[in-house]
Amino acid sequence: MSDYPVARVADVLAGKVPPGSKVTIQGWVRTRRDSKAGVSFIHVSDGSCFDPLQVVAPNTLENYAKEVQHLSSGCSVVCTGAVTPSPAQGQSVEVQAESVRVLGWVEDPLTYPIQPKKSSYEYLREVAHLRSRTNSFGAVARVRHCLSMAVHRYFHEHGFLWIHTPIVTASDCEGAGAMFKVSTLDLANPPRTPEGKIDFTQDFFGKQAYLTVSGQLNVETYCMALSKVYTFGPTFRAENSNTARHLAEFWMIEPEVAFNDLTADADLAEDFLKYIFKALLNERGDDLKFFADRVDKTCIERVQKFVESSFERVSYTEAIAILDKAPKKFEFPVKWGVDMQSEHERYLTEEYFKKPVVVMNYPKEIKAFYMRQNDDGKTVAAMDVLAPGIGEIIGGSQREERLELLDRRLVEMGLDPKHYWWYRDLRRYGTVPHAGFGLGFERTIIYATGLGNIRDAIPFPRTPGNAEF
RNA sequence: UCCCCGGUAGCUCAACGGUAGAGCAUGUGACUGUUAAUCACAGGGUUGAUGGUUCGAAUCCAUCCCGGGGAGCCA
């Protein structure tokens, strides 16, 4: 082995390595082509950028016939040699190999699941442990990382603290959907109370516990001391949802800001989304170009337009009026007081406004207990951000900071205020107006990339009946 | 969970009641500073599973399993 410094493919291709310098490249073979001129061209990817690096292996290498000519897609290699300008089209620089060492062979190239050709996303989901080696999933991973970092950078630069809210929760009424149960009890033979019910006092946490469906209630406690906070972590919904937009395990971003009202909340959502999409445009042009070429021609344009134009803002009442006058027959009739269906949201954002829309001030009956009641007595300070192509991407609200009104809503909705004792305490001790929202991270990714299914926006999708990997 | 559509070679698909085929991939050879290279030849299949109808089923029927699209729930 030589002692040449290890270089990332991204740095070599970006010209950060001076021509003539000798480097070590570590990665996986994408394709190999042999030339009778006495060289083989090996495209090596290490995941650091979209494009692979061309390694030119001459037939004078001692393992040329025995090994180099048998390299197939997926083999892991360590190559050393000089970086030189490429005489041929297709790449600016390449590496003239002095050595090509094979670390791992593909034991049966015929049945290697990842072949250098188009494979369907459906098929690749069945080989999720290997799909990271494809152009598509490498690009998704880099986009996901880029957006993650941008999320943290935005909040950090704007004075927010990242709060690590718990994954396991014992409040069974977070109100955002069905929950997964967490237990160490023997399922076949659980301890029983005298009444014959399962005795959760003997369970690990001494009471029934669940996986969180939202960090919001917890993060509000930190908001009431640290002013600007956010969560960014996994959340879980045990809904039997089988759609291209739902996961049982997904990542959510939930900022919460003290002293903010609903308008400030919508302003934050807009400013924040534009920031992370700008970062994506600046940093991952190579991957976005791939998505534009292969997945969705309009994706770059869409993200650019998103960054440049302002969100449309309408009240729920106005939105209903627009839908009422729409020259279009809806399957579900539109009426003030009912929740909007997918077809309604789509019409607003895709046909009527043709851009992201913030719908604000929904009827209180169709929204959660913690949302702040407006003076009209009919609506709450809730907002949804609707985006063309995916529908609801953000759901948020100003929170009810007045204890009396909060309690009234709890009772109206059949909830027991006792179960929310610590949440209510926030209103008893130094309460202030505050607002926040939840952004589905994977939905953000499919919006930006044009991916058709949310299961391809997360490395290992969990959906009903699917947790193989 | 409901409504549609689909499961055929390693992958993408064709054949739609009468001997199961192509492209890519793989192997061999030819050719070439090549670019998902090209050309020739070769190997490769209990047609998702189980029953049924039929002289005969990949094809028709039933049930189940798996996948996709749409709906609901939501982020």
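Just so we're clear, the structure is a prediction, and the values are computed from it rather than from any experiment.
Going from the C1' atom of B:C24 to that of B:A36 covers 9 Å, rounded to whole Å. B:G56 sits 30 Å from B:G43 when the C1' atoms are compared, rounded to a whole Å. Between the P atoms of B:A40 and B:G23, the separation comes to 9 Å (whole Å). B:C13 sits 11 Å from B:A9 when the C1' atoms are compared, rounded to a whole Å. Spacing between B:A57 and B:U47 at atom C1', rounded to whole Å, works out to 11 Å. Taking the P atom of each, B:A15 and B:C60 are spaced 12 Å apart, rounded to whole Å. B:C2 and B:C61: their C1' atoms are spaced 23 Å apart (whole Å). Between B:C39 and B:A25, the distance separating the two P atoms is 10 Å to the nearest Å.
Across the protein-nucleic acid pair, A:E122 atom CD and B:C13 atom C1' stand 14 Å apart, rounded to whole Å. To the nearest angstrom, C1' of B:C74 lies 14 Å from CG of A:N242. Remark: P of B:G72 and CD of A:E392 are 12 Å apart, rounded to the nearest angstrom. To the nearest angstrom, C1' of B:G27 lies 14 Å from CD of A:Q69. If you take CH2 of A:W105 and P of B:U26, they are 14 Å apart, rounded to a whole angstrom. Straight-line distance from the CZ atom of A:F41 to the P atom of B:U34: 7 Å, rounded to whole Å. Distance CD (A:E468) to P (B:C65): 17 Å, rounded to an integer number of Å. Here the P atom of nucleotide B:C74 and the CG atom of A:L439 are 18 Å apart, to the nearest Å.
The phosphate of B:G72 has OP1 or OP2 within less than 4.0 Å of a side-chain N or O from A:Q341. For A:S35 and B:G33, the shortest distance from a side-chain N or O to OP1 or OP2 is below 4.0 Å. For A:R245 and B:A71, the shortest distance from a side-chain N or O to OP1 or OP2 is below 4.0 Å. Dashed line: the shortest gap from a side-chain N or O of A:N453 to OP1 or OP2 of B:G69 is under 4.0 Å. A sub-4.0 Å separation between OP1 or OP2 of B:G67 and a side-chain N or O of A:R455 is absent.
Residue-to-nucleotide contacts include no donor-acceptor pair under 3.5 Å from the side chain of A:D34 to the base of B:U32. You won't find any donor-acceptor pair under 3.5 Å spanning the side chain of A:E343 and the base of B:G70, going by distance alone. Residue-to-nucleotide contacts include no donor-acceptor pair under 3.5 Å from the side chain of A:R125 to the base of B:C66. If you check distances only, the side chain of A:S241 does reach the base of B:C73 with a donor-acceptor pair under 3.5 Å. Applying the 3.5 Å distance criterion, the base of B:U34 shares no donor-acceptor pair with the side chain of A:Q89.
Ring stacking holds between A:F250 and B:A75, with the centres under 5.5 Å apart and the planes within 30 degrees of each other.
Both A:E442 and A:G452 sit near RNA chain B, but only A:G452 has its closest nucleotide nearer the 5' end. In terms of position on RNA chain B, the residue among A:N466 and A:M340 whose nearest nucleotide sits closer to the 5' end is A:N466.
Residue contacts shown for A:A88 include a base, since a base heavy atom lies under 4.0 Å away. A:E94 comes within 4.0 angstrom of a base, heavy atoms only. The residue A:I394 sits close only to the backbone: its heavy atoms come under 4.0 Å of sugar-phosphate atoms, none of a base. Residue contacts shown for A:S120 are limited to sugar-phosphate atoms, with no base heavy atom under 4.0 Å away.
Here salt bridge (Lys or Arg N to Asp or Glu O under 4.0 Å) pairs that include residues 8-21 of chain A, with residues two or more places apart or in two chains, are A:R8-A:D11, A:D11-A:K16.
Comparing B:U12, B:C31, B:C74 by their nearest atom to the side chain of A:D339 picks out B:C74. When distances run from any side-chain atom of A:Q54 to the nucleotides B:U34, B:G70, B:G10, the shortest one goes to B:U34. With distances taken from any side-chain atom of A:R237 to the nucleotides B:U1, B:A75, B:A37, the minimum falls on B:A75. Side-chain proximity of A:T243 to B:A71, B:A75, B:C11: nearest is B:A71. Distance from the side chain of A:S342 is smallest to B:A71 among B:A71, B:C73, B:A75. For A:Q96, the listed nucleotide lying nearest its side chain is B:G33; candidates were B:G33, B:C11, B:U28. When the nucleotides B:A37, B:A75, B:U34 are ranked by their closest atom to the side chain of A:T31, B:A37 comes out on top.
In this structure, A:D265 has no salt bridge (charged side-chain N to carboxylate O under 4.0 Å, His left out) partners at least two apart in sequence or on a different chain.
Looking at A:T235 and A:R237, their side chains never bring a donor and an acceptor atom within 3.5 Å of each other. Inspection of the A:T165 and A:Y222 side chains reveals no N or O donor paired with an N or O acceptor under 3.5 Å. Side-chain N/O atoms of A:E254 and A:S214 include a donor and acceptor closer than 3.5 Å.
Under the side-chain contact (heavy atoms from CB on, under 4.5 Å) test applied with A:E67, the options A:V102, A:L61, A:V77 reduce to a single match, A:V102.
Using cut-offs of 30° and 60° on the angle between ring planes, the pair A:Y154 and A:H158 is parallel. Ring geometry for A:Y352 against A:Y347 counts as tilted: the plane angle lies between 30° and 60°, on a 0 to 90° scale.
Residues A:L262 and A:N361 approach most closely at CD2-OD1, 3.7 Å, considering heavy atoms.
One finds a salt bridge joining A:R131 and A:D456 here, because a Lys/Arg side-chain nitrogen approaches an Asp/Glu carboxylate oxygen to under 4.0 Å.
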Inset, instruction - Fill in the dot-bracket string of RNA chain B, one character per base: . for unpaired, | for a pair to another strand, ( ) or [ ] for pairs within the strand, taking Watson-Crick or G-U pairs under 3.5 Å. - result: (((((((..((((....[..)))).(((((.......))))).....(((((..]....))))))))))))....

Legend entry - From CA spacing to verdict: side chain to side chain donor-acceptor pair (under 3.5 Å), A:H43, A:R33: CA-CA 9 Å; A:H43 280 187; A:R33 286 177 297 280; 3.2 Å; yes

